[in-house]
Visitor: 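Right, I'll just put the structure down here and ask away after.
In what follows, every heavy atom counts, from backbone to side chain, and hydrogens, waters and symmetry copies are set aside. When a ligand or atom number is given, it counts from 1 through the structure's own listing order. The chain is numbered in sequence order, starting from 1.
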Amino acid sequence: MEWVRGDTIGFGTFSTVSVATNISKDSGEFPRLIAVKSSDSYGAASLSNEKSVLDSLGDCPEIVRCYGEERTVENGEKLHNLLLEYASRGSLATQLKKLGGEGLPESTVRRHTGSVLRGLRHVHAKGFAHCDIKLGNILLFNDGAVKIADFGLARRVDGVLTPSKEGVEIRGTPLYMAPESVNYNEYGSAADVWALGCAVVEMISGKTAWSVKEGSHFMSLLLRIGAGGESPMIPEFLSEEGKDFLSKCFVKDPEKRWTVEMLLNHPFVDVDCDEHDQREDYVLKVKEEEAPTSPKCPFEFPDWELMSSDSHTPSDSPVKRLGSLVSESLPDWSVEGDWVTVR
Ligand SMILES: Nc1ncnc2c1ncn2[C@@H]1O[C@H](COP(=O)(O)OP(=O)(O)OP(=O)(O)O)[C@@H](O)[C@H]1O
């Protein structure tokens, strides 16, 4: 495909995303506007992983489509580019920011949650876990479609909840990490369900599922998730169905946590998808006029939003394991295989 890069529309840890115009003569096969996710050699492993996972997943209406990958040299810099379906309404994270701390109407949250669940059902059925479900990776399209994006950290799990390797590993965004990921390096489909629960809390309340003080060390949050008896916040004003849905996502034992398939039959998401929510459109329209349209900074939480670390200090007990991470002066942030580096 021939394309011309346009404005930057998003920043990630390893990449920059731009809108681009497809100028191929036979452009009928692909839309006129696409999104191009680009990185230098530093993020190439993550982009390659994303491409190969998206190829394995094939078509699903709730997963962002990939049209191919290309290498370019721009202003003397070698870039790896992933050509993606363009989500003109951006991510749920940017939508929420425009609401200035307010959440979305519950009917909208139910619909979005249903879409993400259908996308995750496809991902899990193909033997993968996404490993980085969060609002920034849920994209909104003009026709109302909601799709999962950013498969840079996705991995093949085939439903087996085995630790990915020995030692301490932190993958994804600490705020969305499941207890078994913190404690035992388990990143299976159940961890995606936990992260979805965190995303639902954020959609409905406009606030993260865990309250964290600005400037606090991410390890204190990991200790709360992994070793504490605390659970993520379930908003009081949410319907009983919503509260029950979240309680199924936030079961600490991954074996007992509801699966995506089970959640799809929960009354919280069992709603009429054609129902049109006038209030959401109204609220977003008003706020869009007041707010910037693209993220200015990838860090929604300073210093530690997305990370992947690998510290080779085998330890059996979660508390010891976490303790070892806290006491280490600097973890090894090296790139290894599909593991990518902390920013
Ligand atoms: N296909 C797309 N259409 C429109 N916007 C997109 C698209 N893909 C990504 N974006 C925007 O760019 C941002 C960063 O993209 P993405 O999350 O894929 O990058 P990343 O480097 O993997 O980031 P992260 O640090 O979240 O892992 C998204 O949050 C979203 O706002």
Visitor: Counting each atom of ligand 1 from 1 as listed, which ones have a heavy atom of D132 under 4.0 Å away?
Guide: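 It comes down to these atoms of ligand 1: 27 (O).
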Visitor: Would you mind telling me which of L54, D150, L139 makes a side-chain contact (heavy atoms from CB on, under 4.5 Å) with L84?
Guide: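 That would be L54.
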Visitor: Below 3.5 Å, N or O to N or O, backbone or side chain included: is there any such pair between G136 and ligand 1?
Guide: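 Between G136 and ligand 1, an N or O pair is found under 3.5 Å apart.
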Visitor: Walk me through it: do N137 and S91 pass the test side-chain hydrogen bond (donor to acceptor under 3.5 Å, both in side chains)?
Guide: CA-CA 6 Å; N137 291 336; S91 74; over 6 Å; no
Visitor: Restricting to pairs with a member in residues 68-78, which pass salt bridge (Lys or Arg N to Asp or Glu O under 4.0 Å), not counting sequence neighbours?
Guide: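 Every pair satisfying salt bridge (Lys or Arg N to Asp or Glu O under 4.0 Å) with a residue in residues 68-78: R5-E74.
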Visitor: Using a 4.0 Å heavy-atom cut-off, which part of V17 comes near ligand 1: side chain, backbone, both, or neither?
Guide: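 Just the side chain.
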Visitor: Counting only heavy atoms, which portion of A149 has something under 4.0 Å from ligand 1: side chain, backbone, both, or neither?
Guide: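 Neither part.
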Visitor: What residues, two or more places apart in sequence or in another chain, satisfy salt bridge (charged side-chain N to carboxylate O under 4.0 Å, His left out) together with E2?
Guide: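 None.
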Visitor: Any atoms of ligand 1 less than 4.0 Å from a non-hydrogen atom of E85? List them with their elements.
Guide: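 Result: 1 (N), 2 (C), 3 (N).
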Visitor: Which of these, T8, L139, L135, L82, has its nearest heavy atom closest to atom 7 (C) of ligand 1?
Guide: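 Among T8, L139, L135, L82, the closest heavy atom to atom 7 (C) of ligand 1 comes from L139.
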Visitor: Say you draw a straight line from OG1 of T113 to CE of M203; how long is it, rounded to the nearest 0.5 Å?
Guide: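 Reported value, rounded in 0.5 Å steps: 4.0 Å.
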Visitor: Over 60° means perpendicular and under 30° means parallel, so tell me whether W194 and W210 are parallel, tilted or perpendicular.
Guide: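 Ring orientation of W194 relative to W210: parallel.
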Visitor: Just to be sure I'm reading this right: ignoring hydrogens, which of G10, A93, S88 gets closest to atom 13 (C) of ligand 1? Compare them by their nearest heavy atoms.
Guide: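 Shortest heavy-atom distance from atom 13 (C) of ligand 1: G10.
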Visitor: Out of curiosity, E85 CD to F141 CZ, how far, rounded to the nearest 0.5 Å?
Guide: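 The CZ atom of F141 is 4.0 Å from CD of E85, to the nearest 0.5 Å.
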Visitor: With heavy atoms under 4.0 Å as the rule, classify the contact between L153 and ligand 1 as side chain, backbone, both or neither.
Guide: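 The answer is neither.
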Visitor: Who gets closest to atom 27 (O) of ligand 1 by heavy atom: L140, D150, T13, L83?
Guide: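 The residue whose heavy atom sits nearest atom 27 (O) of ligand 1 is D150.
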Visitor: Any nitrogen or oxygen of A87 lying under 3.5 Å from a nitrogen or oxygen in ligand 1? Just yes or no.
Guide: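 N/O-N/O distance below 3.5 Å exists for this pair.
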Visitor: If we only count N/O pairs under 3.5 Å, is T94 in contact with ligand 1?
Guide: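 N/O-N/O distance below 3.5 Å does not exist for this pair.
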Visitor: May I ask you to check whether S15 has an N/O atom sitting below 3.5 Å from an N/O atom of ligand 1?
Guide: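 S15 vs ligand 1: N/O contact under 3.5 Å present.
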Visitor: Could you tell me, atom by atom, which parts of ligand 1 come under 4.0 Å of a heavy atom of A35?
Guide: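 Counting atoms of ligand 1 from 1, those under 4.0 Å from A35 are 1 (N), 2 (C), 3 (N).
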Visitor: Report the residue from K147, R118, H122, R121 that forms a side-chain hydrogen bond (donor to acceptor under 3.5 Å, both in side chains) with E62.
Guide: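 Answer after filtering K147, R118, H122, R121: R118.
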Visitor: With backbone taken as N, CA, C and O and side chain as the heavy atoms from C-beta onward, which portion of V19 lies under 4.0 Å from ligand 1: side chain, backbone, both, or neither?
Guide: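 Neither part.
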Visitor: Numbering the atoms of ligand 1 from 1, which are under 4.0 Å from a heavy atom of I9?
Guide: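 Matching atoms, with element in brackets: 4 (C), 5 (N).
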Visitor: Return the minimal non-hydrogen interatomic distance between I133 and A195, and the atom names on each side.
Guide: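 For I133 and A195, the tightest heavy-atom pair comes out as O-CB, 3.6 Å.
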Visitor: Find all atoms of ligand 1 within a distance of less than 4.0 Å from any non-hydrogen atom belonging to F14, and give their numbers and elements.
Guide: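 The atoms of ligand 1 under 4.0 Å from a heavy atom of F14 are 21 (O).
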Visitor: Should S39 and K37 count as side-chain neighbours, where that means a heavy-atom distance under 4.5 Å?
Guide: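 SC-SC contact between S39 and K37 ruled out.
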Visitor: Is there a heavy atom in K134 that sits closer than 4.0 Å to ligand 1?
Guide: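 Yes.
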Visitor: Answer yes or no: is there a side-chain heavy-atom contact under 4.5 Å between F268 and L246?
Guide: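 A side-chain contact under 4.5 Å is absent here.
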Visitor: May I ask you to list the atoms of ligand 1 that are less than 4.0 angstrom from any heavy atom of N137?
Guide: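 Within the 4.0 Å cut-off of N137, ligand 1 contributes 17 (O), 26 (O).
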